[in-house]
Structures are given as structure tokens and as C-alpha cells.
Amino acid sequence: MVKKKSTKKSSEYLKSEEDQSPAITAVNGNINGNGVTLSSTPTFCLSLNPNKEHKPDNYDDLALEYDPMLFTCLERYLPPSLLSSSRDSKLHFMRDILLKYSPEGERIRPLHKELYSMHATNFFVPSFLKAIHDNTEESFRSIMSEPAPGIFTFDILQPQFCDLLLKEVENIEKWVCDTKCKIMRPNTMNNYGAVLDDFGMETMLHKLMEDFVRPISKVFFPEVVFYPEVGGSSLISHHGFVVQYGIHKDIDLGFHVDDAEVTLNVCLGQEFSGGELFFRGVRCEKHVNTETQAEESLDYSHVPGRAILHRGRHRHGARATTQGRRVNLILWCRSAVFRELKKYQTDFSSWCGVCQREKKVRQQLSISAVKEELLKKEGESTS
């Protein structure tokens, strides 16, 4: 049974990956981006859901007791009546909340501030940057392997960036433990990890999607992300998080699909054994629990600094991490246009494996019927 990840708790269990008729329930991500619960009192009331249409102000020019990115991220959760207020008014409201519920010893402070802004040359390996700069299918394929149709792997992150991000995750974990603060985990299937958007990295991760994931997706996944009539690529939102596997943490991950159109999964490290991803074909909602064809099966072993990019509807899971600790950065990229159009479609043969096979069968039957009719007419004309 394949799950669809969700922030809601679920009691559904999965069959083993060897079962060729797995049942999949799609996995919803932390769409609302909820993180630290700041207040439950009416005096300081934030909205439960972020206003994704609102463009937050920039607070980088101010000397604040918190990272400016925190205010930029938090602003989308302000009450609707405050969104059009002056920056000073919004800042005052947010500072009151943070100061009231975060005593001096309990304020999380970034360990490595350079992680919170996108400095491409410090983040990415040169080969990846060159491919993005050239922005052609040929340049992308020059750095990629495609071990199975629609699954791409490539080196992406500098080792030093992986190390810094791992230390930042540890810093977040320590703060959560010390303050006994409740945070939202990435989804229903991962009990360990953190939503990076909730800790000031939303802008950085959005830039990662816009400037780096989107150009590649436009080339390799055009059927789910590219709509010229709406201005091109429709990937406009994301959900960014880290997950952790190992002893005393999550061990494996059940068979599921992601709540994303395109998923970027990057291994940060550290030393570990096991944890291989297994893929079992792309499916639409109607065919999500159908059998896997032999050519759709792929096992992939993680390598620190290396990314794997695939459709969110590509069914997959993770085997047990048997030794050490494995940490992965995951970015779910979403298209509102694709999701809206999907409501009115019945044929997904441009990307669903079963729909493709059914279409091929229909075409073959149609061709056979035409041939039979032509032969019948030819026979009648000669008799």
C-alpha cells in the first residue's frame, strides 16, 4: 500500500515493497508551513494558514534580535487585517509575539547565517552551475545519469555546504530539545527532521526551486510543469525540509508518492549503510495501486552531495538505514496550474505508466480494426 505523505496522523499501514499490488495513499506535505506554535491567545493571534499570494517585506536593513528572514517568513501568517499595514506595524506585531513567548535563553539563533541566502558558488559544484548557466538539454544531460526513465541523478552540493547544513540542523534540534518546543515534522511518515521553511530558509529554498530546479524540470518534466499559455513553468511553490534516518530515529520509509509535481532529494551525509531508495513507476490517482512492470523497478543508493530528481507521482520508498546516520534535504516543488487542470482530465498518458500502456492498447486495437475493415472491403471488391 503506497501512502501519500501528510502532516495529518494516519493509521494506515503499508504492504511490503515486494508486493506487486501495493496500495498507495498520496502523502500531503506541510502545505501550511506550520512550525513553532507561538501563541494561542487572542491578543497575539497568527493565521493558521499562510497567505501564499502575499509578498512579504524585507527586513535585512534592520538591526534585529532575530534573523531578518524569520520576520519575512512569519509575515505571511499575520492576520489579514495587518498584511497591508506598514512594515513598522507588522514588525512591531511580530516582535511582540516572539519576545513574549521566546525568553532570551530560548531564542533560536542561526549558527551559519550564510546558509540563509543563496550564494550559488558556495553552494553548488562547478559542473552543476555550468549546466544551469548553459540552460540546454545537452548541458543538463552532460552532468546527469538517467538510471530509469524520468529519474535523474547528478552531483549538486559542495561538501562544505553539506557540512554546514548538517551543523545547522543539529543547532535546530538542540534548540527544540532545550526549549521543549513543539514543531511540525516534515510529514506524517517522518518523525525526525525539520521543516526548513519554518526556520528562516524559505527564501533560499524558493530561489533554489526557481533558479535551479525549474529550468531542469521545464526540459525533463514539461507535461506537469510547463504551460506556455500561463507564462512557462508553473512551479510556483515549495515545501523544503530535512529528514533523518538511523538508530533511535526513523529507520525506513514506506511505499508512497509525494505531494509534489517534482521532487529534489539531496543526501547531506553522514556515514551510513543501507537507506536505498526503491522506485516502482509513475502513476495517476486512478492507477496508484496497480502492479509494477519489470522495467519500472529501480534501486538507488544515496551518495552525499548527490541529488536525485523525479516526479512527485513516482512511487518510491526507502529501505532500512542499518548503520550510522543519514540526513537528506528534500524540496517538493508544486504547480497550482497542474493541480487545477488535473481535476478535469481523465487521460494522463503523458506521464502515468498505466495510462500510457492503455493508450497504446487502444491505438493497436484501432489500427487492427481499420486493417480488418480495409481487408473486408478489398475482398468484397474482388468478389
_Ser89 side-chain N/O to Ser85 backbone N/O, donor-acceptor pair under 3.5 Å_ = no

*Can you check whether Asn190's main-chain N or O pairs, donor with acceptor, with Asp250's side chain at less than 3.5 Å?*
no

*With the side chain counted from C-beta on, respond yes when Gln323 and Phe272 share a heavy-atom pair under 4.5 Å apart, and no when they do not.*
no

*Asn58 side-chain N/O to Asp60 backbone N/O, donor-acceptor pair under 3.5 Å*: yes

*Quick one: are the ring centres of Phe128 and Phe154 less than 6.0 Å apart?*
yes

_When you measure from the side chain of Ser366 to the backbone of Arg362, do you find a donor-acceptor pair of N or O atoms at a distance under 3.5 Å?_
no

*To the nearest 0.5 angstrom, please state how far the CH2 atom of Trp351 sits from the SG atom of Cys284.*
5.5 Å

*Using a strict cut-off of less than 4.0 Å between a Lys/Arg side-chain nitrogen and an Asp/Glu carboxylate oxygen, indicate whether Lys377 and Glu372 qualify as a salt bridge.*
no

_Sidechain-backbone polar pair: Ser47 side chain, Pro50 backbone, donor-acceptor under 3.5 Å_ = no

_Thr121 versus His119, side-chain donor and acceptor atoms under 3.5 Å_ = no

*Can you measure from CD (Gln244) to CZ (Arg185) and round to the nearest 0.5 angstrom?*
8.0 Å

*Ion pair Glu296/Arg283, N-O distance below 4.0 Å*: yes

*Report the relative orientation of the aromatic rings in His238 and His206; use parallel for angles under 30°, tilted for 30 to 60°, perpendicular for over 60°.*
tilted

*Is there a side-chain contact between Met94 and Leu46 (heavy atoms, below 4.5 Å)?*
no

*Which pair of non-hydrogen atoms, one from Ile236 and one from Ala336, has the smallest distance, and what is that distance?*
CD1-CB, 4.1 Å

*Do the charged groups of Lys342 and Glu285 touch, with an N to O distance under 4.0 Å?*
no

_With a 4.0 Å cut-off on N to O distance, would you call Lys249 and Glu173 a salt bridge?_
yes

_NZ/NE/NH1/NH2 to OD/OE distance under 4.0 Å, Lys90 and Glu75_ = yes

*Kindly confirm or rule out a cation-pi arrangement of Arg326 over Tyr245, judged by NZ or CZ under 6.0 Å from the six-membered ring centre and within 45° of its axis?*
yes

*CA sep, side-chain torsions, deciding dist, call: Thr136, Ser139, side chain to side chain donor-acceptor pair (under 3.5 Å)*: CA-CA 5 Å; Thr136 64; Ser139 69; 3.2 Å; yes

_Between Lys174 and Glu170 (salt bridge meaning N to carboxylate O under 4.0 Å), is one present in this structure?_
no

_Parallel, tilted or perpendicular, judged at 30° and 60°: which one describes the rings of His310 and His314?_
perpendicular

*Measure across Leu111 and Asn171 and return the closest heavy-atom pair with its distance rounded to 0.1 Å.*
N-ND2, 3.7 Å

_In the structure I gave you, are the side-chain heavy atoms of Trp175 and Phe199 within less than 4.5 Å of one another anywhere?_
yes

*If the plane angle is over 60° it's perpendicular, under 30° parallel, otherwise tilted; pick one for Phe220 and Phe152.*
tilted

*Just do the salt bridge (Lys or Arg N to Asp or Glu O under 4.0 Å) check on Asp258 and Arg315 with the steps written out, would you?*
CA-CA 8 Å; Asp258 296 335; Arg315 305 181 299 177; over 6 Å; no

*May I ask you to check whether Phe212 and Phe124 place their ring centres under 6.0 Å from each other?*
yes

_Arg339 bridged to Glu261 by N-O distance under 4.0 Å_ = yes

*Side chain of Arg334, backbone of Asp259: donor and acceptor closer than 3.5 Å?*
yes

*asked:* Tell me whether Asn328 contacts the main-chain N or O of Ile330 through its side chain, where contact means a donor paired with an acceptor under 3.5 Å.
replied: no

*Basic-acidic side-chain contact under 4.0 Å: Asp61, Arg87*: yes

*Indicate whether the side chain of Ser86 and that of Asp88 have a donor and an acceptor atom separated by less than 3.5 Å.*
no

*Parallel, tilted or perpendicular: ring planes of His239 versus Phe241, cut at 30 and 60 degrees*: tilted

*asked:* Quick test of your reading of the model: are Lys130 and Asp134 salt-bridged, counting only N-O distances below 4.0 Å?
replied: yes

_Ignoring hydrogens, what is the shortest heavy-atom contact between Val243 and Pro186? Give both atom names and the distance._
CG1-CG, 4.2 Å

*When you look at Arg141 and Glu146, which way does the salt bridge (Lys or Arg N to Asp or Glu O under 4.0 Å) test go after all the steps?*
CA-CA 9 Å; Arg141 289 196 180 277; Glu146 190 176 5; 3.1 Å; yes

_Shortest non-hydrogen contact between Gly200 and Met69, atoms and distance_ = O-CB, 3.3 Å

*Report the C-alpha separation of Arg306 and Asp155 in whole Å, then their side-chain angles, then the decisive distance to 0.1 Å, and conclude whether the salt bridge (Lys or Arg N to Asp or Glu O under 4.0 Å) test is met.*
CA-CA 4 Å; Arg306 192 165 178 82; Asp155 292 328; 3.0 Å; yes

*asked:* If you apply the rule salt bridge (Lys or Arg N to Asp or Glu O under 4.0 Å), what do you find for Glu223 with Arg311, and how did you get there?
replied: CA-CA 11 Å; Glu223 72 284 355; Arg311 294 176 179 85; 2.5 Å; yes

*Find out whether Asn51 and Pro80 are in side-chain contact, i.e. whether some heavy atom of one side chain is under 4.5 Å from a heavy atom of the other.*
no

*Where is the tightest heavy-atom contact between Gly246 and Ile251, given as atom of each residue plus distance?*
O-CD1, 3.2 Å

*What's the shortest heavy-atom distance between Ser217 and Val225, and which atoms?*
O-CG2, 3.5 Å

*Taking atom types as modelled and ignoring hydrogens, do the side chains of Tyr116 and Glu202 form a donor-acceptor contact shorter than 3.5 angstrom?*
no

